Amino acid sequence: MANSKSIEQMEKIVSLCKRRGFIFQSSEIYGGINGFWDYGPLGAELKRNIKDQWWRSMTSDRDDVVGLDATIIMSPKVWEASGHTKTFSDPMVDCLLSKKRYRADQIEPQSGIAYFYDGAKDTESGKTIDEPYSVLLPAGKPPESARKTARQFYGMRGASENAELLGERSEKVENTTRYNPENGSLFTEPRPFNLMFKTFVGPLQDENSVAYLRPETAQAIFAQFKNVLEVSRQKVPFGICQIGKAFRNEVNPRNFTFRSREFEQMELEFFIKPDDVLPEAPAETGEVAPPQPHWGWEKWHQYWVDQRLAWYESIGLSRERLELYWQPEEELAHYARATVDILYQFPFGPQELEGIAARGNFDLTQHHEHSGKSMEYFDEETKSKFIPHVIEPSAGVDRLALALICDAYAEEEVTDDKGKTETRVALKFHPRIAPIKVAVFPLLKNKPELVAKAKEVQALLRPWMNVAYDEAGAIGRRYRRQDEIGTPFCVTIDFDTIGKGEDTSLEGTVTLRDRDSMKQERVSIEELSHLLLKKIR
RNA sequence: GCGGGUGUAGCUUAAUGGUAAAGCUCCAGCCUUCCAAGCUGGCUAUGAGGGUUCGAUUCCCUUCACCCGCUCCA
């Protein structure tokens, strides 16, 4: 999966992220902290743009979705109801021989003869190891095979190959999960790995004040379903969306920011009617592009998959690096009817950006039962009462930011007039999400008229977009700097602009340089903001 | 959590049991009429802690972080 080329590619991207101020290690001056990352000036802009685009497409651009901004810490009862207190706490065991880790609840129970040992004595050095150990053999297997496994175990602790095993005894056991089915070796005691971050609310740090940092933003939406329904005057089908931080105490954060312990989610819960109370479907008329009142969960699910894919394309992710993964039935969570993952082909392999789950009405039903408050909805149209079902598109902001950077990263061979070849690094962001939209340069910085005019143009554009101003170094160098941070447009003020060039008819015009083609066109200052706004929206 | 690898300036690399060097980047100045030009000057580093030693970036121990494989990822 990860070959040396893709590792090198990833290293270049990580290096650029740091060098140009997209992403830093959290707490770097103290040596960092595993699984946490900070966004520098450009990364912060990039993330804002992603979230703004998502929010706009989800709620501002539609009538049937409203927003929510809930707290990170909620009543622990929320997590009891959702099942997270249980399911986010997996007991894990390690094989004492192979060191592999397993989920204790996924071990097949076995029966057979267990051989116990108190320790081992090295016949050569006389050294004793008094660590108890045991091996499970299927009935009928010769005990010598257990001794061989035990010698391997003690061998890893410093005993020689023909060490003497101490205190062997055997016992019949049934339906045990304490032994590795692959090699018969004893496991470590099961240890809980709780993926939720725990904290305490209030001054007393006791069991009664325990609270959790949310492991997903979705539950807040379910918990506030009734309130939002009441005030928004929405009718099912409708959605509630939210952007916010979530926390998971991952066993092993990996792949730069891809799996972090603190991350940001963009989630929509789209509430729909259960299939059994749907209004009668009208005769098909061919085109059903806009949502229809008679749609069942499958149509809504497909609708959101299509919507989300279109959105990713709208912010410039290449469609050919996106793929859909329909989770097979055996992989589905118990509450899900169908889940589609949208994967992006990162240098380290195809990985999930977003999951679109048809969750039935599991969550609202759980809160309905645990809180004792009704989550039912009365549908005027069909005169029926039900707990709405839900379609959940859930995306990771940080993963998307990383995908956008990977997708935009481009190295090109550029040959100059003198035939010298160099590598140009550019982040080819879609103008919608580029941290800086346009950079303004005076051609030369020791000519006050050029500098003054450039600052004027910068001030002209500033109310409409993120503008950079740069006068340091040769003009080519300034272009390359902007290429590397993904600025789509550069505007240069030259002598023609101020009417001191050869062609005085060019007064009041500037050159507009395109990042990807490196081509320049001459445009008037008057048109500039209008022209750019069209390109960046 | 296990195994392997790596840690010297923002980046890439050098060197040494005894003053840590260079190129690029960055900053300032000069110069420069459109794609990393030139000149001058400047900032910045041995991941952290401990040990051995007169003296440790170098040797030893611990720890932290990153990368790879396993594991995990309702």
Side-chain angles (χ1 to χ4, degrees), chain A residues 1-4 6-8 10-12 14-21 24-37 40 79 82-90 92-103 105-106 156 188 191 193 195-196 215-216 248-256 258-261 331-336 339 348 351-352 355 357 414-418 420 422-425 441-447 450 472-484 490-497 500-502 510-511 513 515 518-520 522:
Chain A
M1 186 175 80
N3 56 35
S4 65
S6 68
I7 293 168
E8 193 190 327
M10 213 43 221
E11 279 172 355
K12 282 181 182 170
V14 172
S15 165
L16 182 135
C17 281
K18 177 167 190 205
R19 181 157 36 93
R20 292 303 190 183
F24 305 124
Q25 239 187 324
S26 168
S27 324
E28 199 195 67
I29 59 169
Y30 293 106
I33 175 166
N34 189 270
F36 296 88
W37 300 91
W79 309 114
S82 69
H84 283 82
T85 319
K86 261 203 187 107
T87 60
F88 254 48
S89 168
D90 296 327
M92 307 289 292
V93 292
D94 295 325
C95 172
L96 285 167
L97 197 63
S98 67
K99 303 285 186 195
K100 282 192 181 175
R101 171 164 296 168
Y102 302 86
R103 269 178 59 180
D105 56 344
Q106 287 179 353
M156 284 160 53
T188 57
R191 287 172 289 181
F193 275 64
L195 288 178
M196 282 201 291
E216 62 170 38
R248 292 183 195 182
N249 207 350
E250 296 286 351
V251 174
N252 195 357
R254 265 300 160 84
N255 289 326
F256 197 31
F258 183 81
R259 179 168 300 130
S260 305
R261 291 188 163 125
E331 265 180 49
L332 289 177
H334 60 281
Y335 49 73
T339 299
F348 45 83
Q351 298 280 349
E352 181 186 346
V414 179
T415 310
D416 67 13
D417 303 341
K418 295 154 205 134
K420 207 174 83 180
E422 281 175 335
T423 305
R424 180 175 85 115
V425 174
F441 312 141
L443 184 59
L444 299 172
K445 83 163 160 180
N446 61 353
K447 298 286 185 287
L450 293 180
I475 190 79
R477 176 187 298 273
R478 282 178 266 162
Y479 286 143
R480 295 299 171 83
R481 276 189 200 124
Q482 296 301 325
D483 289 344
E484 220 183 18
C490 291
V491 166
T492 300
I493 280 69
D494 59 14
F495 290 94
D496 290 325
T497 310
K500 294 194 176 170
E502 282 172 18
V510 294
T511 62
R513 182 243 193 204
R515 174 195 63 207
M518 300 203 290
K519 297 253 162 56
Q520 299 185 63
R522 218 148 177 117

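Here is the naming used below: chain letters follow the sequence lines, and residue numbers restart at 1 for every chain. As the structure is a computational prediction, the values presented were derived from the model and not from experiment.
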Q) Roughly, in whole Å, what's the span from CD in A:Q351 to P in B:C72? A) 15 Å
Q. Less than 4.0 Å between a side-chain N and a carboxylate O, is that true for A:R515 and A:E484?
A. no
Q: Please state the P separation for the pair B:A15 and B:U52 - nearest whole angstrom.
A: 30 Å
Q) Which nucleotide, in any strand shown, forms a Watson-Crick or G-U wobble pair with B:G17, with both distances under 3.5 Å? A) none
Q: Whole angstrom is fine here: how far is it from CZ in A:R261 over to P in B:C72?
A: 16 Å
Q) Can you tell me how far P in B:A21 sits from the matching atom in B:U46, rounded to whole Å? A) 13 Å
Q: Would you classify A:E28 as touching base, sugar-phosphate or nothing, given that sugar-phosphate means primed atoms plus P, OP1 and OP2, and contacts are heavy atoms under 4.0 Å?
A: nothing
Q | Where A:E250 and A:R261 come nearest, the two heavy atoms and their spacing | A | O-NH2, 2.7 Å
Q. Can you tell if the side chain of A:K519 reaches within under 4.5 Å of the side chain of A:R513, non-hydrogen atoms only?
A. no
Q.
What contact category does A:G35 fall into here, base, sugar-phosphate, or nothing, at under 4.0 angstrom with non-hydrogen atoms?
A. sugar-phosphate
Q | Between B:C24 and B:G42 - P atom distance, rounded Å | A | 15 Å
**Q.** Distance in angstrom units between A:I7 CD1 and B:C68 P, rounded
**A.** 6 Å
Q | Whole-Å distance separating the CG atom of A:L16 from the P atom of B:U12 | A | 12 Å
Q.
By nearest atom, which of the nucleotides B:G10, B:C67, B:C34 is closest to the A:F256 side chain?
A. B:C67
Q: Could you tell me the separation between the CD atom of A:E250 and the P atom of B:C72, rounded to a whole number of Å?
A: 13 Å
Q) Under the 3.5 angstrom rule, does the side chain of A:T85 hit a backbone N or O of A:W79 as a donor-acceptor pair? A) yes
**Q.** Minimum-distance nucleotide to A:Y335 side chain [options: B:C34, B:A74, B:C35]
**A.** B:A74
Q. Across all strands, who's sitting opposite B:U57 as a Watson-Crick or G-U wobble pair, both distances under 3.5 Å?
A. none
(Q) Roughly how many Å apart are B:A45 and B:U12, using the C1' atom of each and rounding to a whole number? (A) 14 Å
Q. Side chain of A:S15, base of B:C11: donor and acceptor closer than 3.5 Å?
A. no
Q. Could you give the NZ-to-C1' distance, from A:K12 to B:C11, as a whole number of Å?
A. 13 Å
Q: Nearest-nucleotide wise, let me know which of A:I29 and A:G476 is further upstream toward the 5' end of RNA chain B.
A: A:G476
Q. What integer distance in Å separates A:E331:CD from B:C72:C1'?
A. 15 Å
(Q) Given B:C35, B:C66, B:U33, identify the nucleotide with an atom nearest to the side chain of A:L443. (A) B:U33
**Q.** Identity of whatever pairs with B:G69 - Watson-Crick or G-U, under 3.5 angstrom
**A.** B:C2
Q: Determine the interatomic distance between P on B:A14 and the same-named atom on B:U6; round to the nearest Å.
A: 14 Å
Q) Which part of the nucleic acid does A:R254 contact within heavy-atom distance under 4.0 Å: base, sugar-phosphate only, or nothing? A) base
Q) Can you find a heavy atom in the side chain of A:K500 that is under 4.5 Å from one in the side chain of A:K447? A) no
**Q.** Watson-Crick or G-U wobble mate for B:A36, both contacts under 3.5 Å
**A.** none
**Q.** Minimum side-chain heavy-atom gap A:V414-A:M518 below 4.5 Å
**A.** yes
Q. Mind checking whether A:T497 and A:R522 have side chains closer than 4.5 Å, heavy atoms only?
A. yes
Q. Would A:D483 and A:R478 pass as an ion pair if we require N to O under 4.0 Å?
A. no
Q | Which nucleotide in B:A37, B:C34, B:A74 has an atom nearest any side-chain atom of A:D494 | A | B:C34
Q) What about A:E484, does its side chain sit under 3.5 Å from the base of B:A36 through a donor-acceptor pair? A) no
Q.
For the C1' atoms, the ones on B:G55 and on B:U62, what distance do you get once it is rounded to whole angstrom?
A. 23 Å
Q: Could you measure between the two C1' atoms, the one in B:G3 and the one in B:C11, and give it in whole Å?
A: 31 Å
Q | Test item: A:M196 and A:R248 side chains (from C-beta on) under 4.5 Å apart, heavy atoms | A | no
Q: With the side chain counted from C-beta on, respond yes when A:F24 and A:C17 share a heavy-atom pair under 4.5 Å apart, and no when they do not.
A: no
Q. Are A:N255 and B:C68 close enough that a side-chain N or O sits under 4.0 Å from OP1 or OP2?
A. yes
Q | Pair assignment for B:A9, Watson-Crick or G-U wobble, requiring both distances under 3.5 Å | A | none
**Q.** Rounded distance in Å between the C1' positions of B:U8 and B:G69
**A.** 28 Å
(Q) Assuming nearest nucleotide by heavy-atom distance, tell me which of A:G32 and A:L444 is located more 5' along RNA chain B. (A) A:L444
**Q.** Ring centroid separation A:F441 to A:Y479 under 6.0 Å
**A.** yes
Q.
What contact category does A:Y30 fall into here, base, sugar-phosphate, or nothing, at under 4.0 angstrom with non-hydrogen atoms?
A. nothing
Q. Which nucleotide, B:C35, B:A74, B:C67, lies nearest any side-chain atom of A:Y479?
A. B:C35
Q. Does A:N252 have a side-chain nitrogen or oxygen under 4.0 Å from the phosphate oxygens OP1 or OP2 of B:G1?
A. no
(Q) At less than 4.0 Å, is any side-chain N or O atom of A:N446 found next to OP1 or OP2 of B:C30? Yes or no. (A) no
Q: Take the protein atom CZ of A:F348 and the nucleotide atom P of B:C67, then report the distance between them rounded to whole Å.
A: 10 Å
Protein-nucleotides 25-29 of chain B N/O pairs closer than 3.5 Å?
from  : atom 1 : to     : atom 2 : distance (Å)
B:U25 : OP1    : A:R477 : NH1    : 3.0
B:U25 : OP1    : A:R477 : NH2    : 3.2
B:C26 : OP1    : A:R481 : NE     : 2.7
B:C26 : OP1    : A:R481 : NH2    : 3.2
B:C26 : OP2    : A:R477 : NH1    : 3.0

Q) Can you find a donor-acceptor pair, distance only, under 3.5 Å between A:R513 side chain and B:C35 base? A) yes
(Q) Of the listed nucleotides (B:C67, B:A74, B:C35), which one gets closest to any side-chain atom of A:R248? (A) B:A74
Q: Quick one: look up who B:C27 pairs with, Watson-Crick or G-U, both distances under 3.5 Å, and put none if it's unpaired.
A: B:G41
